Amino acid sequence: MAGTEGRSSASSSSSVVADWSLVFWTLCSVIVPVLITLWCSFQRSRRQVLIRDIFRKSKHDWHYTDLFGQPSYCCVCAQHILQGAFCNCCGLRVSEGCLKKADQHFLCKEIMMRSDGRAHSSMPHHWIRGNVPLCSYCVVCKQQCGTQPKLCDYRCVWCQCTVHDDCMLDCLKIEECTFGEFKDLIIPPYYLSTVNQLRKDKRTDYEKIVPYGRKHWIPVIVLANTRSGNNMGEILLGEFKILLNPVQVFDLSKTTPAKALQLCTLLPCNAVRVLVCGGDGTVGWVLDAIDEMKIKGQERFIPQVAILPLGTGNDLSNTLGWGAGYAGEVPVEQILRNVMEADGIKLDRWKVQVTNKGYYNLRKPKVFTMNNYFSIGPDALMALNFHAHREKTPSLFSSRIINKAVYFFYGTKDCLVQECKDLNKKVELELDGERIELPNLEGIIVLNIGYWGGGCRLWEGMGDEPYPLARHDDGLLEVVGVHGSFHCAQIQVKLANPVRLGQAHTVRLILKSSKMPMQVDGEPWAQGPCTVTITHKTHALMLYHSGEQTDDDASSVSEQEHVREQT
């Protein structure tokens, strides 16, 4: 009996130990991964705080990436790296662990030369070792650089010249930098240091210090809206900072156009060109800032404006030959060449005044500036619905394709509902003081430029009827009517003509009753009874690029002349 009891107690105690052992290891299997995860999360957050602190204090424009787009090597330890930090200005690439050393040992692009009491008219190369651009060639031996799988060869951050390690001579290290292909667009650091000295001496004769050896200096200022269209602005900012002086490149989400354009006052008169990277709304924002310069008496510093279309519609960009949309298919170098080669033209700008009826005229009239078009009817309704949807969920509208799909959805909906029908009974239209009898319409569109609705030549229509020549610099507006959303769609695919109501220097539209959707250059609102008056305001100096001209653009003028000859 005693032996049996001993064996049973031993077995029960061993089972208890086994149970506790199971509980212990179960708890370990749950708690240990949680602790490891918490520790990793703490270390990651601590590391991110340290990185952000380095980024904030650094003179480099550091950005962190989880994966480099091409084989990269750390400029400090020379090891191959998949992730790390890169400088948007000078192109340095470093691993996370070497970031602090790189910040201490490597200088970034200097936007202004350090003052040493002497006037400078040149500067030496600024060489960075490794990670040279693909398909670059040595300036000495003319052979391809960057072909070895290691940190090798040099690149000048200003002129973009590359040279092999073996070809790097002492003379190249002190040789004068020519600033390369884009020397006529770059603002040299020594120019800004000289301007700074002149300002201290209270002198403003900046024309006398045009950079040495540059007869046709046309410095460019890049204004990029990182929130436009397909969100390419962030990438473009970095690429332009690599090729130009970083002081010439502005992010409009951080710096307003009015503030950025004050750089023009430090540059020679009538020489500056501005490249606006954004949609038509961004272009209008910049042109408004240029008008403010005129009010301040800075007319001699007014720049000419080129466009890199990043928005959804981009009708103004299309009219001026810069294309219907940019998605990275053209290298940044080619964009700068296009800006250099572009021709100067004028663009009419119009004042749109909306005066509400009633209220004993106590309310101030709303005043807009129009570059593209004004409309009342179905296209304004689509823009209003799109705008309301985007305000609620802005994260969904990061793609140009999605934006156009939403427009298509609301256009199809209006074909069925016809919310703007019988517009001719609700409005009166006057062109240069003469009242126009309106047919049965759902919409009226007042055009200043050739394109409308994301690439449609509305005034031209099918091109099979005679119509007066339309220009964006003749002080005339083209006024057309549409029968509805379906009619707009037919015009866009050249299956119908618009109802051409005429051309005029002044347009007056009276909304007699009810509330109707209106828009000016894609900015929509719902408007009650009012009087809309459109008059000429001013001209804007723009740049026209003939290289992006489409077949329709090239043939539009000849088609009009041919139709006139037949009639």
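Computed from a prediction, not measured in an experiment: that's the story for all the values here.
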For atom NZ of K366, is the number of surrounding heavy atoms from other residues, nucleotides or ligands below 6.0 Å larger than 12?
yes
For I186, is there any backbone N or O sitting under 3.5 Å from a side-chain donor or acceptor partner on N245?
no
Close side-chain approach of L263 and F250, heavy atoms under 4.5 Å:
yes
Member of V276, D521, N225, D288 meeting the side-chain contact (heavy atoms from CB on, under 4.5 Å) criterion with V283
V276
Any chance the side chains of Y373 and D379 put a donor and an acceptor closer than 3.5 Å?
no
With heavy-atom distances below 4.5 Å as the criterion, would you say the side chains of F301 and C269 are in contact?
yes
Rounded to the nearest 0.5 angstrom, the CG-CG distance for L347 and N448 is 5.5 Å
Just checking, is any N or O donor in the side chain of S375 or Q519 under 3.5 Å from an acceptor N or O on the other one?
yes
Walk me through whether C277 and F240 qualify under side-chain contact (heavy atoms from CB on, under 4.5 Å).
CA-CA 11 Å; C277 307; F240 281 119; 4.0 Å; yes
Any donor-acceptor pair under 3.5 Å linking the side chain of K100 with the backbone of G97?
no
So R155 and S136, side-chain contact (heavy atoms from CB on, under 4.5 Å) or not? Walk me through it.
CA-CA 10 Å; R155 174 182 62 87; S136 56; over 6 Å; no
Within this structure, what is the NE2-CZ distance for the pair H536 and R349, rounded to the nearest 0.5 Å?
10.5 Å
Apply the test side-chain contact (heavy atoms from CB on, under 4.5 Å) to residues L336 and L243: give CA-CA distance (whole Å), side-chain angles for both, the deciding distance (0.1 Å), then the verdict.
CA-CA 9 Å; L336 291 176; L243 296 174; 3.9 Å; yes
Separation of L151 CG from R93 CZ (nearest 0.5 Å):
11.5 Å
Closest contact, heavy atoms only, A342 versus R273:
O-NH1, 3.2 Å
Q248 (side chain) donor-acceptor with L185 (main chain) under 3.5 angstrom
yes
Is any side-chain heavy atom of Q298 less than 4.5 Å from a side-chain heavy atom of Q262?
yes
Do any side-chain atoms of residues 75-85 form donor-acceptor pairs under 3.5 angstrom with protein atoms, and if so which ones, sequence neighbours left out?
none

Where do C264 and P303 come nearest, in terms of heavy atoms and distance?
SG-CG, 4.1 Å
Side chain H545, main chain D343, donor-acceptor under 3.5 Å:
no
Describe, in one word, how the ring planes of W525 and F374 are oriented to each other, choosing from parallel (under 30°), tilted (30 to 60°) and perpendicular (over 60°).
tilted
I need the minimum non-hydrogen distance between I187 and P219, along with the two atoms involved.
CG1-CB, 3.9 Å
Is R457 close to Y451 at the side-chain level, that is, under 4.5 Å between some pair of heavy atoms?
yes
Look at the side chain of T162 and the backbone N and O of Y137, then say whether any donor-acceptor pair between them is shorter than 3.5 Å.
yes
For W217, run the ring-ring contact (aromatic ring centres under 6.0 Å, His included) check against F182, F179, Y191 and tell me which one passes.
Y191
Just so I know, are the side chains of V274 and I290 near enough to count as touching, which here means a heavy-atom distance under 4.5 Å?
no
Can E110 and K59 be counted as an ion pair, charged N to O under 4.0 angstrom?
no
Euclidean distance, N314 CG relative to L308 CG, rounded to 0.5 Å:
9.5 Å
Between I242 and Q160, which heavy-atom pair has the shortest distance, and what is it?
O-NE2, 3.0 Å
Heavy-atom distance under 4.5 Å between the side chains of L236 and Y326, does that happen here?
yes
Would you find a donor on one side and an acceptor on the other, under 3.5 Å apart, between the side chain of E239 and the backbone of E333?
no
If you compare all heavy atoms of I449 against all heavy atoms of N371, which two are closest, and at what distance to 0.1 Å?
CG2-O, 3.6 Å
Test side-chain contact (heavy atoms from CB on, under 4.5 Å) applied to V132 and Y154, step by step
CA-CA 7 Å; V132 299; Y154 290 86; over 6 Å; no
Do other residues, nucleotides or ligands put more than 12 heavy atoms under 6.0 Å from K537 NZ?
yes
How long is the gap from CD1 on I307 to CG on L223, to the nearest 0.5 Å?
12.0 Å
Would you say the side-chain atoms of W62 and D103 include a donor-acceptor pair closer than 3.5 Å?
yes
side-chain contact (heavy atoms from CB on, under 4.5 Å) partners of V140, counting only residues at least two apart
C138, V163, C167, L172
Contact between M123 and P189 at the side-chain level, heavy atoms closer than 4.5 Å - yes or no?
yes
By side-chain contact (heavy atoms from CB on, under 4.5 Å), L541 pairs with (sequence neighbours left out) I302, Q304, K346
Of all the heavy-atom pairs spanning M112 and N196, show the shortest one and how long it is.
SD-CB, 4.1 Å
Just by modelled atom types, is the C87 backbone N or O under 3.5 Å from a matching donor or acceptor in the D61 side chain?
no
Determine whether a donor-acceptor pair (N or O, by modelled atom type, separation under 3.5 Å) exists between the side chain of K241 and the backbone of V249.
no
Determine yes or no for a side-chain-to-main-chain donor-acceptor pair under 3.5 angstrom, with N131 supplying the side chain and Y73 the backbone.
yes
Does either side chain, that of H63 or that of N88, offer a donor lying less than 3.5 Å from an acceptor on the other one?
yes
Between R471 and D348, is the salt bridge (charged side-chain N to carboxylate O under 4.0 Å, His left out) condition met? List the steps.
CA-CA 9 Å; R471 294 178 58 89; D348 289 324; over 6 Å; no
Is the side chain of D184 donor-acceptor paired with the backbone N or O of I218 at a distance under 3.5 Å, no angle test?
no
Would D315 and N372 count as having a side-chain donor-acceptor pair, cut-off 3.5 Å?
no
Considering only heavy atoms from C-beta outward, does the side chain of H60 approach that of C89 to under 4.5 Å?
no
How about NZ on K294, more than 12 heavy atoms from neighbouring residues, nucleotides or ligands closer than 6.0 Å, or not?
yes
Distance, nearest 0.5 Å, that separates NE2 of H472 from CE of M542
9.0 Å
